[in-house]
Amino acid sequence: PVMLGARMPLEPIAARRWLDAQERADRKNARVVDKLTIALPRELDLPRWRKLVRDYGEQATLGQASWIAAIHQAGRDAANPHAHLVVRDRDPETGKRVAMLSEKGACERLRALWEELCNAALAEAGEAARIDRRSHAARGIKKLPTRHRGR
């Protein structure tokens, strides 16, 4: 996978050690990280995916919290490009939470941000495709949604 991130090690073993140290430093019942899986539009290529994931990681964390992402787009994942994003919602300098990913409304905020950035990337690439975070019902679509199978 292609690794991206900020304010933490990017090499997988070093990243795991860093996250383990963060967990040991927190209270026993503290939430240490948030994990997201993000579908990448097949209309874009790897350089655009990298920019899109980097922009999302930085904006979701307000450019302050630590994050790491792995883009999967080869082999078994060729037909299902996606990114795994891990966020440590603490400013490394102050230790204070900044992205508030466990607060009410965070899921909708993250989905809206992904929709905005993804659609901007698609438009910049000259693609007509767009994504919409809303459900079929909210969009007035009468058919049942299908289950994403990745292929």
Side-chain angles (χ1 to χ4, degrees), residues 1-127 129-135 138 147-151:
V2 176
M3 303 300 292
L4 306 163
R7 294 167 292 283
M8 67 177 285
L10 295 184
E11 191 275 321
I13 293 172
R16 178 77 257 168
R17 284 189 190 126
W18 186 86
L19 287 167
D20 288 345
Q22 298 300 307
E23 185 172 13
R24 284 190 302 274
D26 275 350
R27 294 188 340 250
K28 267 193 181 336
N29 64 345
R31 181 186 204 143
V32 178
V33 297
D34 289 281
K35 299 175 186 175
L36 296 93
T37 303
I38 306 162
L40 298 169
R42 285 189 271 177
E43 294 84 356
L44 302 179
D45 57 9
L46 182 58
R48 289 178 196 252
W49 287 334
R50 289 176 64 102
K51 181 181 181 326
L52 181 56
V53 171
R54 184 177 311 283
D55 290 348
Y56 186 69
E58 283 299 287
Q59 288 189 40
T61 63
L62 306 179
Q64 294 175 300
S66 303
W67 63 274
I68 189 169
I71 295 176
H72 295 257
Q73 60 10 298
R76 288 185 3 220
D77 296 315
N80 181 31
H82 61 281
H84 297 276
L85 178 70
V86 175
V87 176
R88 166 77 173 147
D89 188 13
R90 298 263 181 217
D91 182 313
E93 292 180 22
T94 66
K96 296 194 183 297
R97 292 178 56 230
V98 292
M100 303 303 185
L101 300 181
S102 60
E103 304 301 319
K104 185 174 184 179
C107 183
E108 177 61 21
R109 182 171 42 86
L110 289 171
R111 286 174 178 238
L113 177 61
W114 181 249
E115 179 183 315
E116 175 189 334
L117 293 175
C118 194
N119 286 337
L122 287 163
E124 184 179 296
E127 296 290 340
R130 296 295 181 270
I131 66 165
D132 192 321
R133 70 185 183 280
R134 297 173 298 157
S135 68
R147 180 168 169 79
H148 176 70
R149 299 191 193 281
R151 298 207 190 270

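Worth saying up front: this structure is predicted, and the values here are computed from it rather than measured. Numbering of residues begins at 1 and proceeds along the displayed sequence.
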So SG of C107 and CZ of R133: to nearest 0.5 Å the spacing works out to 10.5 Å
| message | salt bridge (charged side-chain N to carboxylate O under 4.0 Å, His left out) for R16 and D20? Distances and angles first, verdict last. | response | CA-CA 6 Å; R16 178 77 257 168; D20 288 345; 2.8 Å; yes
The reported gap from CG in L44 to NZ in K51 (rounded to nearest 0.5 angstrom) is 11.0 Å
Closest heavy-atom pair, A69 versus W67, reported as atoms and distance to 0.1 Å, is CB-CZ3, 3.8 Å
Per side chain to side chain contact (heavy atoms under 4.5 Å, CB included), R50 is matched among V2, D55, D45 by V2
Residues at least two apart in sequence or cross-chain that pass side chain to side chain donor-acceptor pair (under 3.5 Å) with Q22, listed by chain then number, are R88
Does some side-chain heavy atom of Y56 sit less than 4.5 Å from a side-chain heavy atom of L36?
yes
| field | Short side-chain to backbone donor-acceptor contact, D77 and N80, under 3.5 Å | value | no
task: Answer yes or no: is there a donor N or O on one side and an acceptor on the other, between the side chain of W49 and the main chain of P41, under 3.5 Å?
output: yes
Do the side chains of R7 and T61 get nearer than 4.5 Å, heavy atoms only?
-> yes
Closest heavy-atom pair, R54 versus G5, reported as atoms and distance to 0.1 Å, is NH1-O, 4.1 Å
Mind telling me whether H82 and H72 have parallel, tilted or perpendicular rings, with 30° and 60° as the class edges?
parallel
Q.
Within the 4.5 Å heavy-atom criterion, are V53 and L40 side-chain neighbours or not?
A. yes
Would you say that P81 contacts I71 through its side chain, given a criterion of any heavy-atom pair below 4.5 Å between the two side chains? no
Are more than 12 heavy atoms, taken from residues, nucleotides or ligands other than E108, located less than 6.0 Å from that residue's CD atom? yes
Exercise. Without swapping roles, check the side chain of Q64 against the backbone of V98 for a donor-acceptor pair under 3.5 Å.
Key: no
Sorted by chain and number, sequence neighbours left out, side chain to side chain contact (heavy atoms under 4.5 Å, CB included) with A106 holds for R109
Step-by-step salt bridge (charged side-chain N to carboxylate O under 4.0 Å, His left out) determination, R130 to E43:
CA-CA 10 Å; R130 296 295 181 270; E43 294 84 356; over 6 Å; no
Scanning both residues in full, the closest heavy-atom pair of L113 with A60 reads CD2-N, 3.7 Å
When every non-hydrogen atom of D89 is compared with those of A99, the smallest separation belongs to OD1-N, 2.7 Å
G95 and R90 have their tightest heavy-atom pair at O-CD, 2.9 Å
CD1 of I68 to NZ of K35, rounded to nearest 0.5 Å, is 12.0 Å
TODO: Side-chain contact test, heavy atoms from C-beta onward, threshold under 4.5 Å: evaluate it for L110 versus L101 and give yes or no.
DONE: yes
Heavy-atom closest pair (L122 atom, A129 atom, distance to 0.1 Å) is CD1-O, 3.3 Å
Going through the checks in order, is the side chain to side chain contact (heavy atoms under 4.5 Å, CB included) test met by L10 and L4?
CA-CA 7 Å; L10 295 184; L4 306 163; 5.8 Å; no
Heavy-atom side-chain proximity of I131 to N119 below 4.5 angstrom: yes
